[in-house]
Each structure stands twice: as structure tokens, then as C-alpha cells.
Protein chains: 2
Amino acid sequence: MTSLADKKVAIIGLGLLGASLGLALQKSGIRRLGWARKSETRSWCLEHNVIDETAENVTDVLRDADITVLCLPIPAISQFIVEHASEFKTGSIVTDIGSDKGVIVDAGEKALKPYGVYFIGSHPMAGTEKSGCQAAFAELYDNAEIFVTYTPESDPAALDTIEQFWHLLKIARVKRISPEVHDDLVAHTSHISHLLALALTLSVLDCNSQEEEALRYNGCATGFRDTSRIVSSSPVMWREIIENNQSAVVAAARKCEHIYHEIVSSIEEGDFDRFEMLFGRGKFLRDKWMDYKKAQRDQLEQK
Amino acid sequence: MTSLADKKVAIIGLGLLGASLGLALQKSGIRRLGWARKSETRSWCLEHNVIDETAENVTDVLRDADITVLCLPIPAISQFIVEHASEFKTGSIVTDIGSDKGVIVDAGEKALKPYGVYFIGSHPMAGTEKSGCQAAFAELYDNAEIFVTYTPESDPAALDTIEQFWHLLKIARVKRISPEVHDDLVAHTSHISHLLALALTLSVLDCNSQEEEALRYNGCATGFRDTSRIVSSSPVMWREIIENNQSAVVAAARKCEHIYHEIVSSIEEGDFDRFEMLFGRGKFLRDKWMDYKKAQRDQLEQK
């Protein structure tokens with residue numbers, strides 16, 4: 001496939017990510033079908049030029065689409081594929097936006113292959129703490145890094161098409177990755193941060209007395225605020241994310257537990273030279289990463 | 001002592017906290033003596049109206065001051081008190097700005113009592129990631145919470161005077177606290193955040209290969225940036241802070257390790273209802289704390 005101009009894309013699920021995708025594709029020339037469970041959401045998205053057309057019945061949308069992007073919560077993605085496997089257009093490609101890939105890619109490939117439909121997993125590193133189509137905006141995907149998955153089952157042409165599709169947006173880059181490497185990566189870069197921030201919050205704010213609570217409430221400042229920020233996310237969403245990346249999360253979290261234990265032991269044993277060395281190593285690594293990110297931003301701005 | 005107007009305060013150490021204290025006291029009417037090890041720092045602070053007078057020899061400053069504020073790194077505070085114990089003015093009061101209190105208050109009381117000099121520990125919750133007198137500004141202490149310590153050894157009049165002294169600044173409030181309760185508090189609200197952020201940074205950025213590093217560097221985003229921010233602080237300073245609060249830090253850190261272990265175990269055992277319940281509890285507590293801080297800010301702005 002050399003051009004996407006005459007193709008139709010279906011966006012299933014018109015929340016923050018789905019509706020922002022519709023808005024970002026406005027000027028691409030690609031025909032945008034859209035569907036959401038609630039008819040009010042479909043109407044709102046049609047009125048606000050998030051999509052070009054919709055249908056009451058999702059089957060009518062799926063039959064018509066060359067590319068279907070499932071913008072649903074993680075468990076709903078696999079469920080939707082299994083329930084609607086026979087309804088996608090033969091030869092079409094299905095992708096998604098879920099932040100776990102192993103479970104979804106496995107379900108997608110198995111369910112769709114019998115129907116001659118291709119599945120390629122995607123994970124755009126984009127989002128805000130908000131949700132719903134009314135929080136959507138065209139720039140959500142700007143400068144995002146997008147992962148697309150490949151497996152021994154992946155169709156090379158379908159993979160190319162999904163990469164081309166994401167390049168219709170103003171993204172930073174598309175990175176091919178195996179579902180296993182992806183899930184290990186996000187376990188480290190995102191999922192265990194949430195477990196640590198949660199442990200901190202429970203340690204500090206779950207108090208034994210009102211007096212202790214009053215002290216802690218006043219004593220916590222910007223350091224605590226930043227370290228604990230991600231604990232204000234949705235517990236249901238994080239349950240779903242962690243549940244669908246169980247083994248990679250447990251492996252990364254246990255490694256981190258071991259390192260934390262080593263840090264605390266250096267303090268308990270009074271080996272403060274070792275503690276300072278570990279802190280120095282952490283500072284060196286974080287400062288290096290911040291420098292890398294800054295250089296990357298500068299480069300993107302010069303484009 | 002009913003008024004501080006005719007008193008002299010000596011600021012020992014003219015770094016970020018000491019020089020900002022000088023600037024903040026400019027309009028208070030209190031006479032500001034100042035001393036720093038480097039003569040260039042003393043000259044710069046005189047020229048920029050950070051202090052009213054100085055001397056080459058620190059003894060000349062100490063002999064003249066009714067209140068001495070030690071604005072030095074934590075280990076230097078205790079060292080300074082011990083070395084110069086006989087040089088403070090009889091009947092004068094010595095305080096400090098260190099973020100650990102047990103070790104400092106103990107050293108201060110023991111060393112100064114034989115000379116008829118009072119020690120009251122202070123800990124203003126103020127600072128930035130910068131250092132040095134040229135980073136100082138008059139507003140650093142604005143709206144800060146200041147802890148002052150009391151022990152069975154504390155002189156009630158000296159405690160009152162130090163409270164009055166801090167009220168010369170535009171602070172939010174002064175809170176009396178025992179050194180033990182203070183050190184347990186900061187272990188929770190500040191110190192263990194640093195240990196967790198350090199464990200996370202080492203887990204994520206200490207890589208096994210260049211390929212893994214490239215993936216991790218791109219994969220880390222705003223969540224990681226915020227959770228790891230405090231690891232970019234000074235390793236030497238944090239070694240000193242932790243070293244001087246060893247037992248409270250170890251107790252708080254082990255409790256947090258236990259909670260973290262429980263969170264990871266809920267995932268490993270596939271008990272995601274329990275995981276969601278823990279996350280929900282964390283979100284509830286953090287959101288409640290954020291609401292409290294917002295209400296407090298709104299109230300201060302109305303003043």
C-alpha cells in the first residue's frame with residue numbers, strides 16, 4: 001500500500017485518545033469513521049468534526065474500514081476483538097492504543113487470523129490525566145513516540161501500513177518493538193513508578209492519630225507532591241494496566257525492591273560512603289537522562 | 001524579652017539560607033551581623049545589604065550577638081558549636097536551620113550549657129535546589145512553616161525569643177516540636193521520598209546494554225521525570241541529612257518497604273481486587289492532602 005489517501009479509518013471508542021486521534025487526522029485526507037457506545041458521544045463527535053461519519057450499529061462501521069483503531073480501556077480491547085472478530089472487513093488491519101501489548105497482541109492475532117484480518121499492536125506514548133471526548137485536542141499526539149509491535153505472526157505489509165498511518169500525525173517517531181520487550185520497558189519506565197509512589201503515599205498519609213495527620217499534612221511539601229503525583233490517577237485504569245502486564249511488572253518491581261532494600265541496608269549498617277556512592281550514581285544517571293531529553297526537545301523545535 | 005528591636009543577630013554561614021535570612025530581615029530593624037569563611041562572601045554580602053556588619057574573626061561576631069543563627073551544612077552545625085562554645089556571649093541564644101534536629105539539639109545543649117548560652121533548634125521548611133549567597137532572595141522564607149524544638153532542657157524565655165525572631169519574617173507559622181517527633185516527621189515527609197526515587201532511578205536507568213538504554217531513555221516520560229526529580233539533589237548533602245537522622249529514617253524506610261512488598265505481592269498473587277483497593281486508598285489520601293494544601297494556600301492569599 002503506497003498511499004492512505006483513499007482509505008477509511010474507523011476509530012472505535014471516542015474518549016480522550018480516540019477523539020484526539022480524530023481531531024489530529026482532520027487535515028490528513030483520510031476518511032474518519034467513528035463509533036462509541038453512547039449515541040450522544042457519536043453525535044457530539046460528528047458535530048465537532050472529530051469524525052466524518054458514524055453508524056448506530058458498530059458492525060456497519062467495521063465492515064467499511066481499511067484500518068480500525070481500538071481506543072478502548074485495556075480489557076475492553078481484547079474483549080471487543082473477540083466479540084466482533086467476524087465483523088471486520090477481510091484484508092483490513094486492526095490496531096489499538098493500549099499501554100500493555102503482550103496480552104492484547106496475543107488475543108488480536110489469534111482471534112482475527114481465521115477471518116483474514118491483520119492485527120498490529122500500537123502504543124502511542126500520549127495522554128493527560130483527563131478523560132472523555134470533551135477533553136480531546138488535536139495536539140495530543142504531537143511529538144509523541146509511538147510503539148508498534150511485531151511478532152512472527154505479523155504481516156509485513158500491514159506493519160508498514162500502520163507505521164504510515166501513525167505518520168499522518170505530527171509524531172516524533174515510530175519504533176518497532178516486540179510485545180515482550182515493550183511490556184518490560186513500560187514496567188520499568190512507567191508501571192513501577194506508580195507502585196513506589198503508592199507505597200510512599202500510604203506510608204506518609206495513613207496516620208495513627210489526628211495529631212500525626214496534622215503534622216504530616218503540613219510537613220509534606222513539593223518533594224512529596226511531585227513524587228506522589230501519579231497516585232492521583234484512576235485506580236481502575238491502573239488495576240487494568242498492571243493486571244495485563246503482571247509478569248513484567250512483578251519482575252521489575254522485585255528488582256527495584258532489591259535495590260531499595262540495599263539502599264536502606266546501607267543506612268542501617270551505617271555505611272554512608274556506600275549510600276553516598278549510590279545516590280551519586282542515581283544523580284549522574286538522572287542528570288544524563290535529563291540532558292538527553294533536553295537535546296531531543298531542542299532538536300524537535302529546530303525542525 | 002519583649003522586643004527584638006535593640007538586639008543583634010549573627011548569621012553564621014552566608015549561603016542560600018543564611019544570605020536569604022539577611023535579606024528577609026532587612027526591614028525588621030534588627031541589627032544583622034554576618035560571617036562566612038571566605039572573605040569574598042563577607043564582602044559581597046556587605047555590599048548587597050545582606051548584612052549590616054561583619055568581622056574577619058568569627059569570635060568578634062559571636063561575642064557581640066544576642067541571637068546566633070547557624071546557617072551551615074548539618075555536620076558543620078554541631079562542629080561549629082563544639083569548637084566555638086566558649087566564644088558566644090553569655091546569656092545569648094543559639095539556633096540553626098538544619099533539617100535534622102535530634103543530633104544537633106543534643107550537641108548544642110550539651111556544649112553550650114556550661115557557658116550559660118541557650119540552644120533552641122530551628123528548621124525552616126524553605127529552600128531551593130540552588131546554593132550560595134548569589135542565589136539568595138528576600139522571599140525565600142515567605143509562607144514557610146518553621147519548626148522550633150523544645151526539650152526538658154529548653155529555657156522557656158529563650159524558646160519565646162526564637163519564636164519571636166522567626167516572626168520577624170513573613171512566615172506561615174512557627175510550630176513547637178520535640179526533636180524526636182520532628183525527626184520522625186521529616187523521615188516520612190521528605191527523607192524516604194529520596195530513597196524511593198533513588199531506587200526507581202537506579203532500577204530504570206542503570207541498563208545492561210546500549211540498546212536497552214536507548215529504549216529506556218526514550219520510554220521515560222513526565223511520570224518518571226516527576227517521581228525521580230529529587231534524585232538530582234546533592235549526594236553529599238543527602239548523605240549528611242540521612243546520616244544525622246539514621247534511626248528515624250531506617251524505621252520509616254522499613255515500614256515503607258513492607259507496604260511496597262505488600263503491593264507487589266498482591267500483583268504477584270493475582271489479587272487485583274486488593275491492588276485496586278490499595279491504589280484507591282492511596283488516591284483518596286493524596287487527593288485529600290492536595291485539597292488541604294489548596295485550602296491553606298487560598299487562606300494565606302486572602303490575608
Side-chain angles (χ1 to χ4, degrees), chain A residues 125 145 185 188-190 193 195-206 215-221 223-224 226-232 235-236 238-239 242-243 246 249-250 253-257 259-261 263-264 267-268 272 275-276 278-283 285-287 289 292, chain B residues 125 145 185 188-190 193 195-206 215-221 223-224 226-232 235-236 238-239 242-243 246 249-250 253-257 259-261 263-264 267-268 272 275-276 278-283 285-287 289 292:
Chain A
M125 302 279 282
E145 162 130 342
L185 178 65
H188 282 88
T189 59
S190 162
S193 298
L195 309 187
L196 289 163
L198 175 56
L200 175 69
T201 302
L202 292 171
S203 301
V204 175
L205 295 182
D206 227 342
L215 271 174
R216 298 268 175 92
Y217 269 44
N218 283 300
C220 285
F224 176 79
D226 287 356
T227 314
S228 68
R229 180 178 63 83
I230 48 185
V231 178
S232 287
V236 173
W238 275 97
R239 178 224 178 106
I242 300 292
E243 190 166 359
Q246 186 184 21
V249 168
V250 170
R254 288 291 183 219
K255 190 182 80 178
C256 184
E257 190 173 354
I259 294 171
Y260 180 72
H261 184 82
I263 294 166
V264 180
I267 299 168
E268 192 163 38
F272 294 103
F275 175 73
E276 187 182 332
L278 290 167
F279 205 110
R281 175 87 185 138
K283 177 180 168 56
L285 289 167
R286 183 177 188 272
D287 289 349
W289 173 71
Y292 175 85
Chain B
M125 303 279 280
E145 162 129 343
L185 178 65
H188 282 88
T189 58
S190 160
S193 299
L195 310 186
L196 289 164
L198 175 56
L200 176 69
T201 302
L202 292 171
S203 300
V204 174
L205 294 182
D206 227 342
L215 271 173
R216 298 267 176 91
Y217 269 45
N218 284 298
C220 286
F224 175 78
D226 287 356
T227 315
S228 67
R229 180 177 64 83
I230 48 185
V231 178
S232 286
V236 173
W238 275 97
R239 177 226 178 105
I242 300 290
E243 190 167 357
Q246 186 184 20
V249 168
V250 170
R254 289 290 183 221
K255 190 182 81 177
C256 184
E257 190 173 353
I259 294 173
Y260 180 72
H261 185 82
I263 294 167
V264 180
I267 300 168
E268 192 163 38
F272 294 103
F275 175 74
E276 188 182 331
L278 290 167
F279 204 111
R281 175 86 185 138
K283 177 181 167 57
L285 289 168
R286 185 178 187 273
D287 289 351
W289 172 71
Y292 174 85

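Chain naming here is simple, since letters A, B, ... match the order of the sequence lines and numbering starts at 1 in each. These figures come from a predicted structure and were not determined experimentally.
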**Request:** Mind checking side chain to side chain contact (heavy atoms under 4.5 Å, CB included) for A:E276 and listing every partner two or more places apart, or none if nothing turns up?
**Result:** B:P235, B:V236, B:R239
**Item:** Least distance between heavy atoms, B:I259 atom then A:S203 atom
**Value:** CD1-OG, 3.5 Å
**Request:** Check each atom of B:E145 against the heavy atoms of chain A and say whether the ones under 4.5 Å are side chain, backbone, both or neither.
**Result:** side chain
**Selection from A:D287, A:D206, A:N218 maximising heavy-atom pairs under 4.5 Å formed with chain B** = A:N218
**Request:** Search all heavy atoms of B:L198 against all heavy atoms of A:G282 and return the closest pair with its distance.
**Result:** CD1-CA, 3.8 Å
**Request:** Return the set of residues passing side chain to side chain contact (heavy atoms under 4.5 Å, CB included) with A:S228 (not counting sequence neighbours), or none when no residue passes.
**Result:** A:T201, A:F224, B:R286
**Prompt:** Can you tell me how far CG of A:L278 sits from CH2 of B:W238, rounded to the nearest 0.5 angstrom?
**Reply:** 15.5 Å
**Complete:** Under 4.5 Å to a heavy atom of chain A? For B:V249 that would be side chain
**Message:** Any non-hydrogen side-chain atom of A:L196 less than 4.5 Å from a side-chain atom of B:T227?
**Reply:** no
**Asked** Considering only heavy atoms from C-beta outward, does the side chain of B:L195 approach that of A:I267 to under 4.5 Å?
**Response** yes
**Prompt:** Heavy-atom distance under 4.5 Å to chain B: side chain of A:Y217, backbone, both or neither?
**Reply:** both
**Message:** Between A:S232 and chain B, with a heavy-atom cut-off of 4.5 Å, which part of the residue counts as in contact: side chain, backbone, both or neither?
**Reply:** both
**B:K283 side chain to A:V231 backbone, donor-acceptor under 3.5 Å** = no
**Asked** Is it the backbone or the side chain of B:Y260 that comes under 4.5 Å from a heavy atom of chain A, or both, or neither?
**Response** both
**Asked** Given the options A:D226, A:V204, A:I242, which has more heavy-atom pairs under 4.5 Å with chain B than any of the others?
**Response** A:D226
**Asked** With a 4.5 angstrom heavy-atom cut-off, which part of A:L285 approaches chain B: side chain, backbone, both or neither?
**Response** both
**Request:** Considering only heavy atoms and a distance below 4.5 Å, find which of B:M125, B:R254, B:Q246 pairs most often with chain A.
**Result:** B:R254
**Complete:** Under 4.5 Å to a heavy atom of chain A? For B:I263 that would be side chain
**Prompt:** If every non-hydrogen atom of A:A221 is compared with every non-hydrogen atom of B:W289, which pair is closest and at what distance?
**Reply:** O-CH2, 4.0 Å
**Fill in**
Tightest non-hydrogen contact, residues A:T189 and B:C220, listed as CG2-SG, 3.6 Å
**Request:** Check A:G223 against B:I230 and note the closest heavy-atom contact, atom names and distance.
**Result:** CA-CG2, 4.2 Å
**Approximate separation, where rounding is to 0.5 Å, of B:C256 SG and A:L200 CG** = 6.0 Å
**Item:** A:E268 portion near chain B, given a 4.5 angstrom heavy-atom threshold
**Value:** both
